[in-house]
Amino acid sequence: DIKALRTEMLGVEAAERFDVLDQERATWQGRIDSYLQRRQAILANEGLDVVAQQQQIHTLRQNEFDAREQIRLNVYERKADAVK
């Protein structure tokens with residue numbers, strides 16, 4: 001178990017901080033995954049022109065992420081676009 005190993009190597013307090021960090025990372029990744037799925041659905045909607053798609057994506061970004069997070073989000077979008 002990772003927690004037991006961390007506790008043994010680093011102590012209880014540090015292991016708990018790592019647990020919190022792991023949870024925060026998992027939450028962030030879940031938010032990213034959800035956003036990218038919804039973004040892809042917008043991009044795949046053939047009923048929308050490019051301008052409408054970009055407007056919907058912009059709204060989605062604004063509703064889901066603060067300004068600092070949106071900077072990080074750009075990296076995930078580029079990575080997702082490169083995989084296509």
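FYI, the numbering just counts along the sequence from 1.
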Pairing of [X] and [Y] as salt bridge, 4.0 angstrom limit:
X     : Y     : result
Glu77 : Arg61 : yes
Asp22 : Arg17 : no
Glu64 : Arg31 : no

Roughly how far, to the nearest 0.5 Å, is the [atom2] atom of [Y] from the [atom1] atom of [X]?
X     : Y     : atom1 : atom2 : value
Asp49 : Gln55 : CG    : CD    : 8.0 Å
Glu46 : Gln53 : CD    : CD    : 9.5 Å
Lys79 : Ile32 : NZ    : CD1   : 11.0 Å
Asp1  : Arg6  : CG    : CZ    : 9.5 Å
Ile42 : Gln56 : CD1   : CD    : 5.0 Å

Exercise. Using modelled atom types only, decide if a donor and an acceptor are shared between the side chain of Glu69 and the backbone of Asp66 within a distance under 3.5 Å.
Key: yes
Quiz item: Ala15 and Lys3: which non-hydrogen atoms are nearest, and at how many Å?
Solution: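 Minimum heavy-atom contact is CB-O, 4.2 Å.
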Self-check item: Gln23 and Asp19: side chain donor to acceptor below 3.5 Å
Solution: no
Quiz item: Below 4.5 Å, heavy atoms only, C-beta onward: do Tyr35 and Gln40 meet side chain to side chain?
Solution: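 Sidechains of Gln40 and Tyr35: no contact.
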Quiz item: Is the closest side-chain heavy-atom distance between Gln54 and Val51 below 4.5 Å?
Solution: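 Heavy-atom side-chain distance check fails, nothing below 4.5 Å.
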Exercise. For atom OH of Tyr76, decide whether the heavy atoms of other residues, nucleotides or ligands shown that lie under 6.0 angstrom number more than 12.
Key: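 Counting neighbours around OH of Tyr76, more than 12 heavy atoms of other residues, nucleotides or ligands fall under 6.0 Å, so yes.
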Quiz prompt | Ile2 CD1: over 12 foreign heavy atoms closer than 6.0 Å | solution =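 No, CD1 of Ile2 has 12 or fewer neighbouring heavy atoms, counting only those of other groups under 6.0 Å.
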Quiz item: Same cluster for Trp28 and Phe18 if Ile/Leu/Val/Met/Phe/Trp/Tyr side chains link at under 4.5 Å?
Solution: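 No, because Trp28 and Phe18 fall into different hydrophobic clusters, even though each may have its own neighbours under 4.5 Å.
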Quiz item: Any link between Leu10 and Val12 through a network of hydrophobic side chains (Ile, Leu, Val, Met, Phe, Trp, Tyr) touching at under 4.5 Å?
Solution: no
Exercise. Might you work through the salt bridge (Lys or Arg N to Asp or Glu O under 4.0 Å) test for Asp33 and Arg38, ending with a clear yes or no?
Key: CA-CA 9 Å; Asp33 293 344; Arg38 290 183 286 166; over 6 Å; no
